[in-house]
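Below you'll find the structure, written out as structure tokens, and then a few comments.
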Amino acid sequence: MADIVASWAQAGAVLTVQRWVVVIGGLLLASLAVLLLCLQFGATSVGMGTVATAIARLLRGDEAGSPSLATSEIIMVQIRFPRVLMGFLVGASLAAVGVTLQALLRNPLADPYVLGVSSGSALGVSVAILFGIGSTFMLLPVLPLFGFAGGLLALVLIYRLAQSKGRLPVHSLLLAGVILNAILTAFIMFITSIMEPNRSAGLMAWLMGSLTAPGYPALGVFLMYVVLVLGVLMHKAQSLNVLTLGEETARSLGIETEGVKKQLFVLTALLTGAIVSVSGMIGFVGMVVPHAVRLLIGSDHRLLLPASALVGGMFLSLADTIARTIMSPAEIPVGIVTALAGGPFFLYLLLWRKDRML
Amino acid sequence: MARRQQGILTGMPFMANVSARAYVDDAGRRIYFAKPPARIVSLAPSITEMLFAMEAGEQLVGVTDFCDYPPEALTKPKVGYSNPNLETLVALQPDLVVAPNDFLKPDIIVKLEQLKIPVFILADKNVEGIFVHIQTLGRIVGHSAKADTVAMQLRHQVAAIQQRVQGMAPVRMLYVLNSQPLITVGPGSFIDQLIGMAGGVNVAAKSVTPYPRLSMESVLQEDPEVLVFPVGKAEGISESEQQTWRQWTTMTAVKRSRLHQISADWLNRPGPRIAQGLESLAAILHPDNTPGSRTER
């Protein structure tokens, strides 16, 4: 493992097609293996056979919920399968958004939560829970809609605050984000403090991040966001490379920085809103996975972006598998696992890399 | 006689220990009352209900924002809830604050102690503990006869319900404290004990915490025959959230359409109305064998 890691790191800054295919291909295979692994574990562990039959049934389009299905298959098809996929997609999105924001704001601490968009989403959901608004309306999931609306509102607000004379200076954006985040968090705290304890416990559980069985419609909608945003981000990867060199350099190289920044900013904020609305507040992945991957494969965004997404996906799928099995039949908030499992690994990577650099 | 000798040998502090007017609360602290407190602040709806039940309502000078029963409680000054306003509280000049162990911010208790306001802490772990709390509070506030009667009646009611459901086939049930994410009651909570008393089997029995976040997988595996949703003004599961449970069409409870509501105020508050909560829970679980008092829709 260490050898492979070292060879990646030494492969240098030049990105060849061959290297791209090897790295991304390898990560894709690893992702597939991780997904299959995660599908086997849960409150009820099942063998590979059940996983395969369930997937086959799913592909054939057997209606899940038909009485002919056994409970273990219902669990596979209706709960675990969408949940593992959602975990992967959320992790991938968090990491991709993290990579983009870190390049965009040229700030290593930037992650999807820094701009206050996630707090906006969280506040939207808190308000919905405070007023006892149910979780569905005409089969549409309502809590995510509130989360999304809150995120969008925060986005508009921060955009207005940071914008001056048609430009979007990085430092005002960061500052506005941090301040807005603090204000919105205060509102959330206020809401939890006036709630009945049972209800505030529910809200806190949601805020700590949860990937509870989302169901296929929500998964489909979320997938659309991911494909759309990641597609555009990949398309803009070269611009991201140039932006990290600094705005002056970027401008001198003919990149219209303001326009690109606005586009990317809105896209990442949209995806963040979608992420928070389906999974609550899962920290850590968006900030740390991009760093870890950058340490290993360098900072060319054409490779860094897809690689981070795949690693983020694997990381969150594994973390969620631990979260839902380690204290089975109870679950623990996945955010706790991401921090406890990912933190030490990241520190190790940092130290290992420092030794090699010296 | 031996007691008195010990008292003489060890001095007054030990006398407080054996005095009939010293009480130990659930935080293990010993509190001495020279006379029954005349100005009491309650920091939980369940405690307010206990004090009214033992006819000590007139001594209550402050309650929480959520104290709504009996209706007289609504007329009392409010002090907040999990994070009560200390200034309001102190301004009420209480000579006793009765506080729950769970949701109250711990620094409030420390602060009140610094201000030399006696705080008596109640922790709810099991049903018998609730009755003991009523009796202890009754002694402290000088209403022990009424409090003993209340506790005795509650014990009788609970025993009668237990006797009625005895020998009946236990019914697997899930109590949905919060729907998204799913939070329920586990061993170590008084509601879990009530489920057993009402002739039910809690499907979250294998959890290790009193209020676990349960995985949906294990719920489907344990296949509850009955789903119970608390409903009420301040807390509870909304109608539309209850409906989302109907998507689990293989669950026995959904197949038999046994989704029931119960007043959150009865079951979630560890106070004198848990007998009513138990009664209606028993009626839900064993509809054919429970006379009257059917409250669920």
Side-chain angles (χ1 to χ4, degrees), chain A residues 41-44 63-76 78-80 83 125 129 131-139 141-143 189 192-206 208-213 215 280 323-325 327-333, chain B residues 44-45 64-66 80-83 100 102-105 176-186 203-209 211-223 230-245 247-251 254-255 264 268:
Chain A
F41 294 100
T44 56
E63 196 42 49
S66 65
S68 63
L69 289 182
T71 303
S72 67
E73 281 177 323
I74 294 285
I75 287 175
M76 275 311 296
Q78 259 182 318
I79 299 179
R80 202 177 297 169
R83 178 165 178 167
V125 173
I129 294 178
F131 291 110
I133 296 166
S135 60
T136 54
F137 172 72
M138 293 168 67
L139 289 177
V142 166
L143 287 187
M189 303 287 248
T192 58
S193 77
I194 59 168
M195 265 187 189
E196 242 279 334
N198 283 329
R199 226 187 243 180
S200 73
L203 177 59
M204 292 305 272
W206 186 84
M208 281 193 280
S210 86
L211 287 160
T212 46
R324 62 195 163 82
T325 50
M327 276 183 65
S328 172
E331 295 184 359
I332 58 175
Chain B
T64 76
D65 296 345
F66 290 97
Y81 195 39
S82 57
N83 194 11
D102 326 352
F103 48 81
L104 195 68
K105 299 243 159 66
V176 184
L177 214 46
N178 188 73
S179 190
Q180 213 182 24
L182 171 58
I183 300 176
T184 183
V185 294
V203 296
K206 287 181 208 148
S207 304
V208 287
T209 50
Y211 297 96
R213 213 165 122 168
L214 201 63
S215 79
M216 199 58 219
E217 292 191 5
S218 65
V219 172
L220 287 194
Q221 193 71 18
E222 298 291 332
D223 190 29
V231 291
K233 281 199 308 286
E235 55 179 337
I237 309 294
S238 69
E239 189 70 40
S240 63
E241 258 180 312
Q242 294 175 30
Q243 290 308 317
T244 59
W245 282 79
Q247 66 175 297
W248 307 112
T249 45
T250 52
M251 194 188 287
V254 174
K255 273 189 208 155
N268 290 1

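A, B, ... follow the sequence lines: proteins, then strands. Residue 1 opens every chain.
B/Tyr211 is not listed as a side-chain neighbour of B/Thr184, based on a closest heavy-atom distance of 4.5 Å or more.
With rounding to the nearest 0.5 angstrom, the CD atom of A/Gln78 is 9.5 Å from the CE atom of B/Met216. Rounding to the nearest 0.5 Å places OG of B/Ser207 at 13.0 Å from CZ of B/Arg213. With rounding to the nearest 0.5 Å, the separation of CD1 in A/Ile75 from CZ in A/Arg83 is 12.5 Å.
Put simply, the side chain of B/Gln242 gets close to the backbone of B/Ile237: a donor and an acceptor are under 3.5 Å apart.
When each of B/Gly80, B/Pro181, B/Pro212 is checked for heavy-atom pairs under 4.5 Å with chain A, B/Pro181 comes out on top. Between chain B and the residues A/Ala330, A/Ala205, A/Ser200, the largest count of heavy-atom pairs under 4.5 Å involves A/Ala205.
Residue A/Met195 touches chain B through its backbone alone, counting heavy-atom pairs closer than 4.5 Å. Both the backbone and the side chain of B/Leu220 have a heavy atom closer than 4.5 Å to some heavy atom of chain A. Residue contact with chain B, scored on non-hydrogen atoms closer than 4.5 Å, involves the backbone and the side chain of A/Ser210 alike. For B/Asn268, the part lying near chain A is the side chain, with the backbone staying farther off; criterion is any non-hydrogen pair under 4.5 Å. In this structure, no portion of A/Leu203 lies under 4.5 Å from any heavy atom of chain B.
Residues satisfying the side-chain hydrogen bond (donor to acceptor under 3.5 Å, both in side chains) criterion with B/Gln221, sequence neighbours excluded, are absent altogether.
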